[in-house]
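To start, the structure itself, in structure tokens.
As a basis for the values below, the full set of heavy atoms in this structure was taken, side chains included, without hydrogen atoms, waters or symmetry mates. In what follows, every chain begins at residue 1, and chains take the letters A, B, ... in the order their sequences are listed. What you are looking at is a predicted structure, and each value in this text was computed from that prediction instead of being measured.
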Amino acid sequence: MSEKNHLYLVDGSSYIFRAYHRLPPLTNPMGVPVGAVYGYTTMLWKLAKDLHDADGPTHLAVILDHSSQSFRNEIYDQYKANRPEPPEDLRPQFPLIRDATRAFSLPCIEMEGFEADDLIASYAEAAVREGWDVTIVSSDKDLMQLIREPAEGPHVDMLDTMKNVRLGLEAVNEKFGVTPDLVGDVLALMGDSVDNVPGVRGVGPKTATKLIQEYGNLTAALDGAATMKASKLRDNLIEHRAMAELSRILVDLKRDCDLPDALDDLKLGAIPPLPLKTFLDEHGFRSLSAKLDLGATPGGPPTLPRAASTPAAAPDAPSTPTLPPMPPIDRSLYETVTTIEALDRWIEAARAAHVVAVDTETATLDSVTGTLVGVSLSTGPGKACYIPLGHGGTDMFAEKPEQVPMADALGRLHALFADEAVLKVGHNLKYDIGVLAQHGIAIAPYDDTLVMSFALDAGKHQHGLDELSKLHLDHVCLSFKDVCGTGKSQISFAEVQLDRATEYAAEDAEVAWRLWKLLKLRLPLEGGTRVYEMVDRPLAAVVETMERAGIMVNRDYLARLSGEFANDMLRMEGEIHELAGQPFAIGSPKQLGEILFDKLGLKGGRKGKSGDWSTDQNELERLERDGVPIARRILEWRQLAKLKSTYTDALQQQINAKTGRVHTSYSLVGAQTGRLSSTDPNLQNIPIRTETGRQIRDAFIAAPGHVLIAADYSQIELRLAAHMADVPELKEAFAQGQDIHAATAIELFGEVNRDTRGKAKTVNFSILYGISRWGLAGRLEVTPDEAQALIARYFERFPGISDYITDTLDSARAKGYTETLFGRKTWFPRLKAASQNERAGSERAAINAPIQGTSADLIKRAMARMPKALEAAGLDDVKMLLQVHDELVFEAPEDKAAAAGDVIRTVMMAAAEPALTLSVPLEVEIGIGKSWGDAH
DNA sequence: ACACTCACG
DNA sequence: GACGTACGTGAGTGTT
């Protein structure tokens with residue numbers, strides 16, 4: 001190569017501080033501050049653009065500080081000790097520097113234990129040995145030690161890109177009055193207040209320069225103090241000699257670090273535009289993005305690709321943000337708060353910190369009626385307390401421990417929890433909101449680490465506090481079992497000794513605080529802020545209100561149904577045993593399989609992995625078609641058994657004694673796609689598909705003088721599929737209000753009749769779920785070849801669907817996750833699993849997730865807006881009670897039902913706005929009735 | 001604790 | 001050629 005190599009070493013860490021103070025506080029579309037990142041990005045752009053200039057780079061690397069700790073801290077523990085914390089809006093920008101660098105496909109080098117300065121010095125030294133010129137892009141005065149301008153041989157200079165000046169020997173002389181090799185001596189005398197290098201007291205830049213000029217070097221200057229005339233300076237030099245010598249070591253640059261990347265690997269080539277474009281657009285750097293569109297690739301016209309030593313990170317594997325180091329969690333630090341004075345002290349601390357983690361402990365795991373036993377607070381690492389409020393008293397002879405009276409404590413906590421200026425943090429705050437609502441206490445504003453974790457990592461792992469603690473904090477929490485035991489010997493939290501209760505409860509609060517610190521930082525960096533703040537976080541309080549409202553259930557009616565079912569089952573049991581020729585447990589699939597396939601010798605059975613005969617619905621229906629009378633009986637018996645045990649019996653037991661209503665519990669993080677799930681009892685799977693099952697819906701009733709309103713999105717997932725996959729025929733059919741399955745039947749079969757419409761419906765759903773020819777064949781009872789032909793026909797008629805599937809899978813494989821229209825991520829780690837089966841399963845789930853997830857986002861947006869919309873219409877006595885994925889159930893005073901229906905429909909139909917406008921209309925069907933069954 | 005079955009969208 | 005047979009859930013029952 002004829003051209004001389006010229007290495008540019010960019011001091012990324014120091015640059016960002018300067019850019020932060022110099023540039024306006026820009027924010028990206030997600031609301032993350034990116035002013036400094038923008039400055040950094042324009043600088044990199046400019047540097048890369050100068051590639052072919054005479055003095056421009058041939059090689060380039062960005063050097064970063066690995067952490068705030070380095071070997072210098074071992075030499076001097078006060079090194080950089082009094083650095084102020086970086087401003088709040090600068091913090092999230094640090095990790096973005098790495099993302100920006102990767103977006104340019106440039107190497108980003110850092111090394112544990114060393115500062116950026118050391119790596120820069122080592123790279124500069126190595127390059128000079130190779131005869132390369134070096135430019136250090138920085139304005140850090142410490143690095144001026146490295147400047148060299150020999151008459152012959154390689155040069156090292158510095159470039160201050162903000163002032164756009166090059167710094168050489170002259171600049172060094174101007175600043176320090178000495179040559180670069182003596183800069184360290186000057187620095188050692190003057191010290192550095194920013195890095196907390198002590199230097200010599202009373203010696204600043206002027207005196208330091210003068211001394212070094214006069215005596216020639218540091219040692220000589222210190223030695224010379226003895227012969228100076230008596231002065232404060234002389235005394236200081238003698239007294240602080242050791243400090244000066246220590247400082248000399250601290251300011252010295254380590255020039256022989258191992259080089260993580262070889263020099264040749266730093267070669268600058270054409271910059272691939274795509275990752276850069278993605279980055280620029282993500283952060284709203286529009287002018288740069290526009291330049292890129294005009295073909296102005298920084299780095300000039302495409303040349304040979306750079307030999308990448310640092311493999312370009314996957315675009316969505318942002319660097320893990322680093323938090324300031326924290327001491328390990330220590331349960332011995334926690335305080336048990338038993339006096340008003342101590343409580344006030346903690347509340348004051350929370351106000352001062354503006355953030356407090358909160359956890360409530362209850363006697364039973366029931367937020368609607370569980371008695372409050374205590375509250376824990378944490379204001380930071382090592383700072384947590386437990387305020388017992390309802391301990392003891394379960395045994396009337398036992399002495400109650402001393403506690404702050406419940407009313408006094410709640411009065412004070414009430415003010416704190418309502419304080420706008422104090423952010424309340426908790427893990428699954430929906431629970432705590434519910435518990436405190438019993439005492440008339442509301443919590444706002446709040447952050448929920450459970451919901452935050454879900455917004456970031458859905459699909460990667462679960463989100464329990466203990467699990468996240470292990471994962472993110474490397475800390476094992478005391479488990480509930482450790483404290484309360486299990487099974488028969490389990491005790492209520494109210495019976496736990498205060499010291500033990502404090503360890504457990506305060507730890508949970510501290511862990512929540514630490515998790516919050518980490519997750520809060522990650523949200524903006526990983527694009528989770530929008531879904532979290534706009535959808536999921538507000539929903540926690542809304543859903544809690546629904547849970548607390550509960551729904552009225554007609555116990556007598558359920559009891560009557562149970563009785564009828566029991567009678568019918570008894571009758572069937574006799575018939576079944578007779579047909580079988582012997583009595584057996586019909587509810588045991590194992591016994592039933594043996595009766596059917598071994599004893600009765602029926603043919604065509606299949607066995608599952610356990611080696612037992614399958615007796616599922618499909619199998620029994622097949623037998624029924626083959627004319628086996630016992631099969632029909634068993635199917636009917638099973639249906640009744642299911643309805644009785646799961647619904648008519650169980651629901652009666654779920655009626656809350658205090659409220660007389662049934663209160664389900666919704667999980668905000670239960671389904672990976674973003675759907676809610678419902679437990680204790682599950683009110684999202686109440687029967688509707690069969691006439692017998694439907695009767696159970698009539699047990700759900702409105703309070704006297706009220707009605708239930710059921711509002712359903714019609715065909716929402718198919719509509720979303722039509723929009724997302726951009727299928728003109730389907731969109732048109734929806735726009736005209738056509739029967740979508742009939743329209744599909746015409747496309748697939750050329751005509752509509754009961755048979756083709758049914759098949760078309762099955763195919764439509766197959767598409768949403770990720771189709772396979774075997775799966776479809778099984779459902780349609782055709783051969784896999786015929787199913788394949790149908791699929792091919794479908795893709796041919798609706799090519800958008802085929803593209804959607806391809807694109808979704810490509811993107812999911814590349815990024816590791818899928819996204820809904822509103823930006824909710826679902827991760828699919830098994831997409832790259834070794835097993836073909838696992839992969840195929842993940843692929844189907846990945847095809848479905850954006851559609852199911854977008855539908856979930858839509859109804860959640862509607863739910864989050866509903867309370868205010870109803871209130872604005874003067875309908876604040878209309879209560880939202882249930883959500884069943886595409887349906888909302890409300891309870892309204894009879895005379896307000898019609899008005900409420902209008903508001904509800906409007907809010908649900910507009911749920912996508914203003915974030916986006918769908919290319920298909922959303923339709924909402926409203927039904928009103930005295931029972932849930934009536935409302936459909 | 002797990003498999004099976006089945007209720008829902 | 002083997003694999004296993006649609007996406008997402010929760011609950012009850014029987015078996016190990």
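Using a 4.0 Å heavy-atom distance criterion, Thr762(A) is classed as a base contact. If you check every strand for non-hydrogen atoms under 4.0 Å, Gly670(A) touches sugar and phosphate atoms only. Looking at heavy-atom distances under 4.0 Å, Leu683(A) makes no contact with the nucleic acid at all. The residue Ser855(A) sits apart from the nucleic acid: no heavy atom pair falls under 4.0 Å. Residue contacts for Ile686(A): at a heavy-atom cut-off of 4.0 Å it reaches the sugar-phosphate backbone alone, with no base atom in range.
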Check step by step if side-chain contact (heavy atoms from CB on, under 4.5 Å) holds for Leu592(A) and Ile634(A). CA-CA 9 Å; Leu592(A) 175 60; Ile634(A) 293 166; 3.4 Å; yes
Steps toward side-chain contact (heavy atoms from CB on, under 4.5 Å) verdict (Ser678(A), Tyr666(A)): CA-CA 4 Å; Ser678(A) 159; Tyr666(A) 289 103; 3.9 Å; yes
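When the P atom of dA6(C) is taken as reference, atom CD1 of Ile847(A) falls 14 Å away, rounded to whole Å. Rounded to whole angstrom, the span from the CD atom of Glu619(A) across to the C1' atom of dC4(B) amounts to 14 Å. The distance between atom CD1 of Ile634(A) and atom P of dC4(B), rounded to the nearest whole Å, is 18 Å. Regarding Glu717(A), its CD atom lies at a distance of 12 Å from the P atom of dG8(C), rounded to whole Å. Rounded to a whole Å, the NZ atom of Lys860(A) is 15 Å from the C1' atom of dG9(B). When rounded to the nearest whole Å, the span between CZ of Arg694(A) and C1' of dC8(B) equals 13 Å. A straight line from CH2 of Trp613(A) to P of dT5(B) spans 13 Å, rounded to a whole angstrom. Whole-Å rounding puts the Asn685(A) CG to dT5(B) C1' distance at 13 Å.
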Report each atom pair, protein N/O against N/O of nucleotides 3-5 of chain C, whose distance is under 3.5 angstrom.
unit_1	atom_1	unit_2	atom_2	d
dC3(C)	O3'	Asn837(A)	ND2	2.9

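Nearest approach of Gln654(A) to Asp680(A), heavy atoms of both residues: OE1-O, 3.6 Å. Here the shortest heavy-atom pairing between Glu887(A) and Ala710(A) reads OE2-CB, 3.5 Å. Heavy-atom minimum distance, Ile630(A) versus Ile576(A): CD1-O, 3.8 Å.
Proximity of Thr673(A) to the phosphate of dC7(C): no side-chain N or O atom is located under 4.0 Å from OP1 or OP2. Between Gln591(A) and dT15(C) there is a side-chain polar atom (N or O) within less than 4.0 angstrom of OP1 or OP2. Contact annotation: Arg638(A) does not reach the phosphate of dC4(B) (side-chain N/O to OP1 or OP2, under 4.0 Å). Look at Ser588(A) and you'll find a side-chain N or O under 4.0 angstrom from OP1 or OP2 of dT15(C).
Distance check on atom P: dC4(B) versus dT5(C) gives 11 Å, rounded to whole Å. With both ends at atom P, the span from dA6(C) to dC6(B) equals 15 Å, rounded to whole Å.
Side chain of Arg793(A) to main chain of Glu747(A): a donor-acceptor pair is present (N/O by atom type, distance under 3.5 Å, no hydrogens or angles). Listed for the Arg694(A) side chain is a donor-acceptor partner under 3.5 Å among the backbone atoms of Ile688(A). Side-chain atoms of Glu923(A) never come within 3.5 Å of backbone atoms of Ser714(A) as a donor-acceptor pair (strictly under, hydrogens ignored).
Closest to the side chain of Ser766(A), out of dA7(B), dA6(C), dG8(C), is dA6(C).
Note: His461(A) and His463(A) have tilted aromatic rings, judged against thresholds of 30 and 60 degrees for the angle between ring planes.
Listed in residue order, the members of residues 640-656 of chain A having a heavy atom less than 4.0 Å from DNA chain B are Lys642(A), Tyr647(A).
For the pair Asp680(A) and Arg675(A), nearest-nucleotide mapping onto DNA chain C gives the more 5' position to Arg675(A).
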Strand DNA chain C as a dot-bracket string - pairs counted if Watson-Crick or G-U with both distances under 3.5 Å, | where the partner lies in another strand: ......|||||||||.
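Checked options Leu776(A), Ile801(A), Val763(A), Ile767(A); the residue passing with Ile791(A) is Leu776(A) (criterion: side-chain contact (heavy atoms from CB on, under 4.5 Å)).
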